[in-house]
Amino acid sequence: MPDTATPAYRDAYSRINGVVVVGEGLADSHFRLLAKAIPEDQEELIRLGAMEGRHARDFTGCGRNLGVKPDVVLAKRLFAPLHQLFLECDRSGDLPGCLVIQGLVVECFAVAAYRHYLPVADSYAQPITATVLNDEAEHLNYAEGWLKARFAEVEPAVTAICRRALPVSLAILQELTADMRAIGMDPLDLVASFSELLQQSLETIGYAPKQARRLIMGAAASVTLN
Ligand SMILES: [Fe+2]
Ligand SMILES: [Fe+2]
């Protein structure tokens with residue numbers, strides 16, 4: 001277990017925690033936008049958004065418990081391209097794009113990240129992370145269900161947004177590899193889990209395994225992790 005009292009741990013944790021808190025806050029606002037865009041699921045989407053808001057507060061508490069302030073400025077800068085891409089999809093009425101960005105890509109990232117954080121989390125953060133992990137799986141299921149029900153018509157849009165959103169998402173991770181290692185996580189394990197989860201999701205909504213793999217590998221090729 002990493003020593004959470006060392007300056008190196010606390011320094012890295014401020015950036016990781018910042019990304020988590022900002023990511024959860026953005027997820028909250030994305031679900032609220034989705035609630036407006038999909039009136040028939042409004043109630044459900046507002047409920048999912050509220051869960052994200054709770055995650056943001058709970059993880060803020062994890063930082064506070066360690067006496068660490070989240071680096072929100074860095075996190076906002078890192079998330080800006082992905083958030084902008086979501087807003088662009090929302091503005092242009094590209095619902096599949098919105099659902100892929102928040103519902104598949106961000107949620108698969110969240111599940112992968114929290115899964116690998118769980119075994120190295122401090123005793124305060126551990127039960128919180130375990131609860132959040134279950135919630136994110138529910139969010140993933142919502143987006144999968146929506147996209148699966150319309151796969152024939154949304155497939156081109158899903159493919160197009162994956163090509164744009166995946167490099168942008170992996171770039172966030174790229175900036176955090178040293179910090180992840182400092183808190184006991186292996187960034188390569190995280191990327192492997194993320195790819196597996198996304199592969200499963202893309203197959204669930206209707207892609208052939210080979211097509212899904214190509215889509216993911218195409219994006220991963222643009223990114224190197226140190
Ligand atoms: Fe969340
Ligand atoms: Fe989520």
Side-chain angles (χ1 to χ4, degrees), residues 13 15-38 41-65 70-72 75-76 78-79 82-83 85-87 89-90 95-118 121 124-148 158 161-162 165-166 168-170 172-173 176 180 183 185 190 193-198 200-202 204-205:
Y13 197 84
R15 285 183 291 274
I16 300 279
N17 187 241
V19 164
V20 168
V21 169
V22 167
E24 294 288 357
L26 286 175
D28 182 356
S29 81
H30 291 166
F31 274 112
R32 279 167 212 283
L33 287 168
L34 280 167
K36 283 188 190 143
I38 312 176
D41 290 344
Q42 188 173 38
E43 225 172 282
E44 163 88 343
L45 288 160
I46 285 175
R47 187 179 66 84
L48 301 186
M51 290 162 89
E52 306 289 23
R54 208 151 47 233
H55 298 166
R57 285 193 295 281
D58 287 348
F59 282 122
T60 301
C62 293
R64 199 185 304 123
N65 176 60
D71 189 339
V72 171
K76 283 191 175 158
L78 292 180
F79 268 115
L82 193 62
H83 179 49
L85 195 53
F86 182 94
L87 294 179
C89 291
D90 183 55
L95 264 183
C98 290
L99 281 155
V100 168
I101 292 172
Q102 177 58 46
L104 298 190
V105 174
V106 173
E107 299 295 351
C108 282
F109 245 122
V111 171
Y114 298 149
R115 202 178 267 177
H116 288 285
Y117 173 57
L118 193 60
Y124 180 90
Q126 207 151 36
I128 290 171
T129 307
T131 305
V132 171
L133 203 42
N134 289 330
D135 290 351
E136 308 302 10
E138 188 182 336
H139 303 168
L140 192 53
N141 288 340
Y142 172 83
E144 285 176 351
W146 195 95
L147 292 161
K148 184 183 179 171
V158 173
I161 201 64
C162 277
L166 286 174
V168 169
S169 310
L170 289 166
I172 298 176
L173 199 69
L176 296 168
M180 280 191 272
I183 69 161
M185 295 168 70
L190 199 163
S193 293
F194 168 70
S195 303
E196 252 168 62
L197 286 161
L198 190 61
Q200 281 167 14
S201 284
L202 292 175
T204 298
I205 68 170

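Atoms within a ligand are numbered from 1 in the order they appear, just like the ligands themselves. Note that the numbering runs from 1 along the sequence shown for the chain.
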Legend entry - D135 near the Fe ion (ligand 2): N/O/S under 2.8 Å: no

Legend entry - Atom name in H55, limited to N/O/S, at shortest distance from the Fe ion (ligand 1): ND1

Legend entry - N, O or S from E52 under 2.8 Å to the Fe ion (ligand 2): yes

Inset, instruction - Report the distance from atom CD of E144 to atom CG of L202, rounding to the nearest 0.5 Å. - result: 9.0 Å

Legend entry - Reported CG-to-NE2 distance for the pair L78 and H83, which is rounded to 0.5 angstrom: 14.0 Å

Legend entry - N/O/S from E24 sitting under 2.8 Å away from the Fe ion (ligand 1): yes

Legend entry - Basic-acidic side-chain contact under 4.0 Å: R54, D58: no

Inset, instruction - Compare all side-chain heavy atoms of I46 with those of F31 and state whether any distance is below 4.5 angstrom. - result: no

Legend entry - Metal site the Fe ion (ligand 1): N/O/S of H139 inside 2.8 Å: no

Legend entry - Salt bridge E138-R47, side-chain N to carboxylate O under 4.0 Å: yes

Inset, instruction - Could you grab the angle centred on the Fe ion (ligand 2), going from OE1 in E107 to OE1 in E136, to 10°? - result: 90°

